[in-house]
Amino acid sequence: MTLKLIKKEDTKVLNAHILSNLNPRQQEAVQYTAGPLLIVAGAGSGKTRVLTYRIAYLINLGVKPERILALTFTNKAAEEMKSRIATLVDKYQAMKVWAGTFHSIFARILRIESNHLGYTSSFSIYDTDDSIRLIKQIVDRSNISLQKLTPQSIQSKISWAKNQMISWQKYAASAQTPFDKFIANVFAEYEKRLRLNNAMDFDDLLLNMIALLKSSEEIKSKYCNRFEHILIDEYQDTNRAQYEALKILSSKHRNICVVGDDAQSIYRWRGAEIRNILDFSKDYSDAKLIRLEQNYRSTKIILEAADSLIAYNKNQIPKKLWTENSKGEKIELFVCEDESEEAEKICSRIKQFVDTGTKLSDIAVFYRTNAQSLPFENELRKANIPYVVIGGMSFYKRKEIKDIIAYLRILINPQDNTSLLRIINEPPRGLGNVSIRHYLDYAENYNIPFLEALGNADEVPNLTHNAKEAGKKFYEMIIKYSELINESLSVDLILEYLEASGLLNMYRELNTDDAIDRLENIEQFVNDIARFIEVNPDGGLNDYLQQITLVSDIDNVDFSSGKISLMTLHSAKGLEYPIVFISGIEEGLLPFSRANQNPDEEEEERRLFYVGITRAQKKLFFSYAKERMRFGSYYSQNPSRFLSEIKKELIDFGEFMNVTNVRKSNQLQINSYSQLADADYYSQLPQTEMTFRVGDVVKHSYFGKGKITGLAGEGDNRRAVVYFPSVGGKKHLMLKYANLEKVPPERNNNYG
DNA sequence: GACCTGCTGATTTTT
DNA sequence: TCAGCAGGTC
């Protein structure tokens, strides 16, 4: 009794302390602990703070931390959340909270319960790249010519369907066109083979979680009872499958607290349904709505710029962000000739900041596509300014690393045919396509894994002596190390295995720059494993492999390091920097070209720009280039329509102020100079040279500059296929009508 | 079966 | 521009 009283008193004190750090709205969000709660949290409104304080508050109230489930979008966010909770409550309590991404938390549960769904606990998790390989195998076998269907596009269609919870059966039933019917067949076979391989793709982690919860009352109540409180960050980016899983998981206690900002929904293309957040109050009619509208991050100018931009979107939850922060400086705009000049200008501005004592880690450069990072990297390297590129070609997606991952996977999941197929002849060991085919046929006939067929080489028909021996030898190596590694995982063992694989020697013998690079990457990878073993002495290879599959680059960035950050606008979500440069604000890039066709996509692109702007705390820069290298040639670019949507009094046009004189309507038009110059230039060209070749750069009166990728037909029927960056795709044009102008090559290549 | 070479298509964004 | 791959040659 006494004990209880003291505890209660402590709780009061502790929670009073927690609440004292919050504004009234935030306090309300933390204290409303019974029933569904929707927190609409604008950019920079202290969303993470509210989530972490809420969890700490719950723990102080006596809720067991292991009964709290916190789902985030990135592992980084989960880690940050955990470490912040650890500063508010006991460290060991904080560690017990189930915090992670949907994918990693569900994978964790699925490993425990795998037998209920017919998988083993060492199932492989396939990333997109693995899925595409598997699809390619299926397609190659089908003997159907793909025409425009690439394995990538099939993968994205299948993934889309799975995100919408459309099974292959449903997909097949509604397939109308031959294309769709073909995809339906691939889809069915793909699902079958995933099972056969004891593997799940990213989407399966969500779908199988739902299947698990529906598999029995017992399991359902086990998890529904366990999670007394569920919190979801970035709710605007959840998809249908995540939504369904949450609905079941929260059905018992109904303590579901979702936090999000519809204005920051940028993953529609991946199946995120903004509707989930817009309809939350419909799904839970008793839901409480709290708006966090005070921004603590940015200056008034930055906030107003963001606000004036996002006002152009129609679909929104009404809200108005405000701040007590100072007005701040205007946004500076850099107009550049091309992407190299853009990098130069930004880099020299960065140097100014550095010279006046700004920390490098306070500065970030954003862009739309990963490909845009290169000129910045070059320029920063020249200037000796340390930087990190976040995202892009992820370390774990490099060929040599994926090969090693496949080597490791097969050790713990002998059913993983896709991984085995990847490495069976890498390095070459005398098992080419023909032999592999025989092994695979045998495996299929006897319904055994590919690996086992290698072990039974003597029984497999049609094989040459060499192919039999090579198969057996490989099989024995795998079995040997699989046993050793399952006994105990050590770096020495891994190294020995990699030597035995022949992979290291292959690169050593090649001894090219590229090979040396790859060897270094492998070394780094082994170090990574060593680090893992050190931190997780009880963890198996299984845990390691899962972790690296579900982790993104951004999770591994050390933000305290003294480096400039370069990243895409997507990666920037959830981060903040005192100084932000947003580059490449051009039509075709931002909004990205495909967005032209669909107002929803345009709105998403606008939100993406909005996310970028609202990352900035003190000072924001915009830049665009008049010409940009794409696919090896220069194309002229126009400033983004979004620039004209931002109140112009917030932007400092600097030396380019005069450009605004060419304004024709009340809409701000900043483009013009390059276009006018170009128009003059082209009109002076002689119009005689009209024979076209593939690879020529041409100009079309409407689509602008493009590159010929194909030619067909004769005479009046002569047609060209032209890639136009402005539309982000190809157009089929009749030369007779298209009036294409040829652009002289020296105009396209003589830069830099 | 391994290796070489010339062609082609890719550039969104990522768990 | 460039990586990955199909197709041909040894």
Side-chain angles (χ1 to χ4, degrees), chain A residues 71-78 100-107 125-129 131-132 136 140 148 150-153 156 159 163 200-206 234 237-239 241-242 266-272 366-374 390-394 396-399 425 427-436 464 466-467 470 510 514 546 549-555 567-573 584 588-595 601 604-605 607-608 611-612 628-634 694-695 707 709-710 721 723 725 728-730 748-749 752:
Chain A
L71 295 167
T72 60
F73 199 67
T74 62
N75 294 290
K76 184 93 197 161
T101 61
F102 279 89
H103 291 84
S104 64
I105 294 279
F106 288 1
I125 299 174
Y126 284 179
D127 65 15
T128 311
D129 185 63
S131 297
I132 290 171
K136 200 166 172 300
D140 284 350
K148 276 168 216 145
T150 60
Q152 286 87 323
S153 66
S156 82
S159 177
N163 274 318
M200 300 187 194
D201 66 14
F202 283 148
D203 306 316
D204 285 332
L205 293 175
L206 309 177
E234 311 280 15
D237 283 326
T238 50
N239 64 27
Q242 288 161 327
I266 54 176
Y267 286 101
R268 205 184 80 97
W269 54 274
R270 209 171 80 186
F366 301 154
Y367 35 77
R368 179 62 232 267
T369 67
N370 280 306
Q372 286 165 256
S373 73
L374 208 61
I390 295 162
M393 185 53 155
S394 158
Y396 298 115
K397 292 200 176 78
R398 289 166 202 272
K399 183 194 174 300
N425 209 30
R429 51 173 66 86
L431 290 168
N433 286 332
V434 178
S435 308
I436 292 173
T464 63
N466 285 346
L510 264 171
D514 182 68
Q546 165 164 329
T549 311
L550 296 179
V551 109
S552 69
D553 271 15
I554 196 152
D555 300 325
M567 71 189 85
T568 62
L569 287 162
H570 281 88
S571 301
K573 194 167 79 157
L589 220 43
L590 188 72
F592 200 78
S593 16
R594 267 167 68 185
E601 285 184 29
E604 173 138 323
E605 295 288 312
R607 290 193 295 267
L608 188 57
V611 166
R628 188 173 291 275
M629 169 92 87
R630 298 183 86 178
F631 299 109
S633 337
Y634 277 89
V694 171
K707 193 170 187 169
T709 60
V721 186
Y723 176 87
K730 288 175 180 172
N748 297 294
N749 297 323

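In this text, all values refer to a predicted model and were calculated from it rather than measured experimentally. Chain A is the first sequence line, chain B the second, and so forth, proteins listed ahead of strands; every chain is numbered from 1. Only this structure's heavy atoms are used, side chains among them; waters, hydrogens and symmetry mates stay out.
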Worksheet item: What is the distance, rounded to the nearest whole Å, between atom CZ of A:R630 and atom P of C:dC2?
Response: 17 Å
Fill in: Verdict with supporting geometry, A:R270 and A:F202, side chain to side chain contact (heavy atoms under 4.5 Å, CB included)
CA-CA 12 Å; A:R270 209 171 80 186; A:F202 283 148; over 6 Å; no
Worksheet item: With centres under 5.5 Å and planes under 30°, do A:Y267 and B:dT14 count as stacked?
Response: no
Worksheet item: Separation of A:H570 atom NE2 from B:dT15 atom C1', in whole Å?
Response: 13 Å
Discussion item. Counting only side-chain nitrogens and oxygens, does A:S435 get under 4.0 Å of the OP1 or OP2 atom of B:dG1?
Written reply: yes
Response to the item:
Value for CZ (A:F106) from CG (A:L550), rounded to nearest 0.5 Å, stands at 12.5 Å
Fill in: ring centroid sep under 5.5 Å plus plane angle under 30, A:F631 with C:dT1
no
Discussion item. From the set B:dC3, B:dT14, B:dA10, return the single nucleotide nearest to any side-chain atom of A:R270.
Written reply: B:dT14
Discussion item. Students often get this wrong, so: under 4.0 angstrom with heavy atoms, is A:F102 touching a base, only sugar-phosphate, or nothing?
Written reply: nothing
Item to complete: Verify the contact: side-chain N or O of A:S633 to OP1 or OP2 of C:dT1, cut-off strictly under 4.0 Å; return yes or no.
Response: no
Worksheet entry | Atom pair distance, as rounded to whole Å: CD in A:Q152 and P in B:dT8 | 17 Å
Item to complete: Looking only at side-chain atoms of A:H103, point me to the closest of B:dT15, B:dG1, B:dT13.
Response: B:dT15
Practice prompt. Go through the steps for A:Y367 and A:L589 under the test side chain to side chain contact (heavy atoms under 4.5 Å, CB included), then give the verdict.
Written response: CA-CA 9 Å; A:Y367 35 77; A:L589 220 43; over 6 Å; no
Worksheet item: Under the 3.5 Å rule, do the base of B:dT15 and the side chain of A:T128 count as making a donor-acceptor pair?
Response: yes
Item to complete: Begin from the C-alpha positions of A:T549 and A:Q546 and carry the test side chain to side chain donor-acceptor pair (under 3.5 Å) through to its verdict.
Response: CA-CA 5 Å; A:T549 311; A:Q546 165 164 329; over 6 Å; no
Item to complete: Return the 5'-most residue of the pair A:D127, A:A467 with respect to DNA chain B, ranking by each residue's nearest nucleotide.
Response: A:A467
Discussion item. For a quick test of reading the model: is some side-chain N or O of A:N433 closer than 4.0 Å to OP1 or OP2 of B:dA2?
Written reply: no
Worksheet entry | 5' priority, DNA chain B, between A:L431 and A:F202 [closest heavy atom] | A:L431
Practice prompt. Using whole Å, report how far CG of A:D237 lies from P of B:dT14.
Written response: 12 Å
Worksheet, complete the sentence: Atom CG of A:L569 and atom C1' of B:dT14 are separated, to the nearest Å, by 14 Å
Fill in: Protein-nucleotide distance (A:R429, atom CZ; B:dC3, atom P), rounded to Å
13 Å
Discussion item. For B:dT15 and A:K573 - does any side-chain N or O of the residue sit under 4.0 Å from the phosphate oxygens OP1/OP2?
Written reply: no
Practice prompt. Kindly give the heavy-atom pair with the smallest separation between A:G584 and A:L590, and that separation in Å.
Written response: O-CB, 4.2 Å
Item to complete: Please examine the side chains of A:H103 and A:L206, heavy atoms only from C-beta on, and report whether any two atoms are closer than 4.5 Å.
Response: yes
Response to the item:
Between CG of A:N370 and P of C:dT1 the distance, given in whole Å, is 21 Å
Discussion item. Using OP1 and OP2 only, check whether a side-chain N or O of A:T568 sits under 4.0 Å from B:dT14.
Written reply: yes
Worksheet, complete the sentence: Winner on side-chain proximity to A:K136, out of C:dA6, B:dT15, B:dT13, is C:dA6
Worksheet item: When we call it a touch if two heavy atoms are under 4.0 Å apart, what does A:N425 touch: a base, just sugar-phosphate, or nothing?
Response: sugar-phosphate
Fill in: Interatomic distance, A:I436 CD1 vs B:dA2 P [rounded to whole Å]
9 Å
